[in-house]
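As the structure is a computational prediction, the values presented were derived from the model and not from experiment. Hydrogens, waters and symmetry mates are skipped; everything else that's a heavy atom, side chains included, is used. Residue numbers start from 1 in every chain, and the chains themselves are labelled A, B, ... in the order their sequence lines are given, proteins ahead of strands.
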Amino acid sequence: MADEKLTPQSENFSEWYNQIVQKADLADYAPVRGCMVVKPYGWALWENIQQALDKRFKATGHVNAAFPLLIPMSFFEKEKEHVEGFSPELAVVTHGGGQPLEEPLVVRPTSETIIGYMYSKWVKSYRDLPILINQWGSVVRWEMRTRLFLRTLEFYWQEGHTVHATPEEAQAETRLMLDTYYDFAVNEGAVPVIRGRKSETEKFAGAISSWSIEGMMRDTRALQSGTSHYFGQNFSKAFDIKFLNQKNELEFAYTTSWGMSTRFIGAIIMTHGDDQGLILPPRLAPIQLVIIPIYRDDAEQSAVMPVVERVRQTLAETFRVHVDARDGLTPGFKFNDWEMRGVPLRIEIGPKDVEKNSVALARRDRPGKAGKTFISQEALVPAVSEALKDIQASLLARAIAFRDEHIFDVQNYAELTDAVQKGWAFAWWCGDPACEARVKEDTRATSRCIPLDQPGGKGVCVVCGKSASEKVYFARAY
RNA sequence: CGGGGCGUGGCUCAGUCCGGAUAGAGUGCACGGUUCGGGUCCGUGAGGUCGGCGGUUCAAAUCCGCCCGCCCCGACCA
């Protein structure tokens, strides 16, 4: 329940975020440090995200399966970089049934190892390939500093794990899923993201290359919102995933993995939200429009409610509709309440509307009376349809404009250090981790990704001055 | 894990420095009435072992010790 005013973004963005998560009824703190409870409204949003992604996975030939939560500790020791990357954040089960376990079990922080083990049993021939499996579930990583949705000890996600006969095919898969995430983020979430390759220091533990989509939040910090990894034969060698190729030669397979998590809810919040609360993109919003009946007494109520019900039924055939019939709350209160929850459209129906056969239609992305129009009840379905599309497009356009205003094409180190204080820096970089490290040391900004879209040509590294053939984004990140 | 802050009805907090009687306020919640086109108003009521454990004291929300948790800022990460 939206009981009090929100801390303005400009005053304290962190505080704004923490408050909105709770006031918009998305999630709450669990009794264990760093864990969250996703509340029904937040979960409904997640379900819409899941559906939009799952539809895309299925459309590209993937199938869902489920692998176990507990993984033998020894599995993690099979891939050197993987264990080094994950061991600091593993939760380990040492007892079961009141007895110490012979081998400790790790609560999965990601499932490459257990899935790799299974794949080694399943893959015998090139005819078994490709394997294109996705899993919806949760994982546990013992993070030090946590925030609801952005970093919790346990989080919900999907992880795709695929096996291919050739490096080219596996690389194409990695890229396909990166593009899938991009399409989802932009077209469903209205979250403009930049696709790119991770630097050596930023890539996934055990990957040959990692790719990500990076979004800019309204405090200009970057949020990695989805990742896709190419493993080459790293995991197939560690887990002995071999197949006979068409020439009857035994060969290690090529694997990939890719994931997107409840963190994306954080991206939606911090991309679109304002000082009134959440703003949800219509395509993902659990409630696309809320109807608020307005009446003063029983007579007006009995005149208004049948119209409300008729309008609700008409709209519910096409849209996700909710009627706020709570008694004893003023309309004004309800307006604010649903604005806090980010519902894209609001319809008000009162005595005047009953008389004039109209409704008031208010857009969440245009606060106050500016976003309010009166339309006839007959024209409602096309008007709502139009408005939702327009809101979806406006949110994206606004986020793109904000992002582009805060990306600075920098030519030297001084410009870079300045740029990362007020946005992202786009800079030539030689690829040397030492240059990356220096930027981080000096500014706390890290390399986010080397974008797919490159200007071409050559330049000089803004850190060391050596020749550079690629440009990279540096930003402070979540 | 280092630095800082905080822990008192559901929530936000006062009271703690300087120990003392039935521990307060606002908000929320329940009920009744009133109101309702941008956060109505009035009344009645429920709700707290003052984060936990231990110590000092005739007496602890208040002083001391230990522990736990949360938030903010750093080192690490989806």
Measure CD/A:Glu89 against C1'/B:C76 and give the value in whole Å, please. 8 Å
Euclidean distance for C1', B:C41 against B:G48 (whole angstrom): 28 Å
Ignoring backbone atoms, establish whether A:Lys369 has a side-chain N or O less than 4.0 Å from OP1 or OP2 of B:G38. yes
Report the residue (A:Ala477 or A:Ala360) whose heavy-atom-nearest nucleotide on RNA chain B is the more 5′ of the two. A:Ala360
Sticking with atom P, work out how far B:A23 lies from B:C50, rounded to a whole angstrom. 10 Å
Please find out if less than 6.0 Å separates the ring center of A:Trp258 from that of A:Phe57. yes
Contacts of A:Lys203 that satisfy side chain to side chain donor-acceptor pair (under 3.5 Å) - sequence neighbours left out: A:Glu200
Using atom C1' in both nucleotides, what's the gap between B:C58 and B:C70 to the nearest angstrom? 37 Å
Determine whether the aromatic ring centres of A:Phe264 and A:Phe184 lie less than 6.0 Å apart. yes
When all nucleic acid strands are considered with a 4.0 Å heavy-atom cut-off, which category describes A:Gln224: base, sugar-phosphate, or nothing? sugar-phosphate
Determine whether a donor-acceptor pair (one donor, one acceptor, N or O, separation below 3.5 Å) exists between the side chain of A:Arg346 and the base of B:G38. yes
Just by distance, do the side chain of A:His82 and the backbone of A:Ala205 share a donor-acceptor pair under 3.5 Å? yes
Which is more 5' along RNA chain B, the nucleotide nearest A:Lys372 or the one nearest A:Phe204? Just name the residue. A:Lys372
Answer with base, sugar-phosphate or nothing: what part of the nucleic acid does A:Glu300 contact at a heavy-atom distance below 4.0 Å? nothing
Touch class at under 4.0 angstrom, heavy-atom based, for A:Ser14 against every strand present: sugar-phosphate
With heavy atoms under 4.0 Å as the rule, sort A:Gly350 into base, sugar-phosphate or nothing. base
Base, sugar-phosphate alone, or nothing: which one does A:Ser358 contact when heavy atoms must sit under 4.0 Å apart? nothing
Counting only side-chain heavy atoms from C-beta out, which of B:G37, B:A78, B:C36 sits nearest to A:Arg296? B:C36
Checking A:Thr443 against A:Thr417: is there a side-chain donor and acceptor pair closer than 3.5 Å? no
Under a 3.5 Å limit on both distances, the Watson-Crick or wobble mate of B:G47 is none
Examine distances only and state if a side-chain atom of A:Arg364 and a backbone atom of A:Leu278 form a donor-acceptor pair shorter than 3.5 Å. yes
Would you mind classifying the nucleic acid contact of A:Gly34 as base, sugar-phosphate or nothing, using non-hydrogen atoms under 4.0 angstrom? sugar-phosphate
Tell me the interatomic distance from A:Asn336, atom CG, to B:G28, atom C1', rounded to whole angstroms. 16 Å
Contact class for A:Pro88 (heavy atom, under 4.0 Å): base, sugar-phosphate, or nothing? nothing
When rounded to whole Å, the CG to P distance for the pair A:Asp353 and B:G37 reads 13 Å
Output the rounded distance in Å from CH2 (A:Trp46) to P (B:A78). 16 Å
Does A:Arg263 use its side chain to pair, donor to acceptor, with the backbone of A:Gln224 at less than 3.5 Å? yes
Return the nucleotide paired to B:U12: Watson-Crick means purine N1 to pyrimidine N3 with N6-O4 or O6-N4, wobble means G-U with N1-O2 and O6-N3, both under 3.5 Å. B:A25
Using the C1' atom as the reference point in each nucleotide, state the distance between B:G51 and B:A61 in Å, no decimals. 12 Å
Does A:Ser261 have a side-chain nitrogen or oxygen under 4.0 Å from the phosphate oxygens OP1 or OP2 of B:A78? no
Using Watson-Crick or G-U wobble geometry with both distances below 3.5 Å, tell me the partner of B:C18, or none. none
Tell me which nucleotide among B:C36, B:C72, B:G37 gets nearest to the side chain of A:Arg147. B:C72
Measure the distance from CG on A:Leu150 to C1' on B:C72 and round it to the nearest whole Å. 15 Å
Distance, P atom - from B:C63 to B:C18, rounded to whole angstrom: 8 Å
Using atom CZ of A:Phe374 as one end and atom C1' of B:G38 as the other, report the distance to the nearest whole Å. 12 Å
Taking OP1 and OP2 of B:C76, is either one under 4.0 Å from a side-chain nitrogen or oxygen of A:Lys440? yes
Listed nucleotide nearest any side-chain atom of A:Phe333, set B:G37, B:G39, B:G38: B:G39
Expressed as a whole number of Å, how far does the C1' atom of B:G4 sit from that of B:U22? 38 Å
Atom CD of A:Glu355 and atom P of B:G37 are separated, to the nearest Å, by 17 Å
Identified pairing partner of B:A61, criterion: Watson-Crick or G-U wobble below 3.5 Å: none
Taking the C1' atom in each of B:C53 and B:C71, what is the distance between them to the nearest angstrom? 24 Å
If only atom types and distance count, is the side chain of A:Arg221 paired as donor or acceptor with the main-chain N or O of A:Ala477 below 3.5 Å? yes
When both distances are under 3.5 Å in a Watson-Crick or G-U wobble arrangement, the nucleotide paired with B:G2 is B:C73
In Watson-Crick or G-U wobble terms, both distances under 3.5 Å, what is the partner of B:U56? none
Look at A:Asn18 and B:C72 and indicate whether a side-chain polar atom (N or O) is within less than 4.0 Å of OP1 or OP2. yes
State the pairing partner of B:C41; accept Watson-Crick or G-U wobble contacts with both distances under 3.5 Å, and report none otherwise. B:G33
Between A:Met177 (CE) and B:A78 (P), how many Å, whole number? 19 Å
Considering only atom C1', compute the distance from B:G38 to B:A30 and round it to an integer number of Å. 27 Å
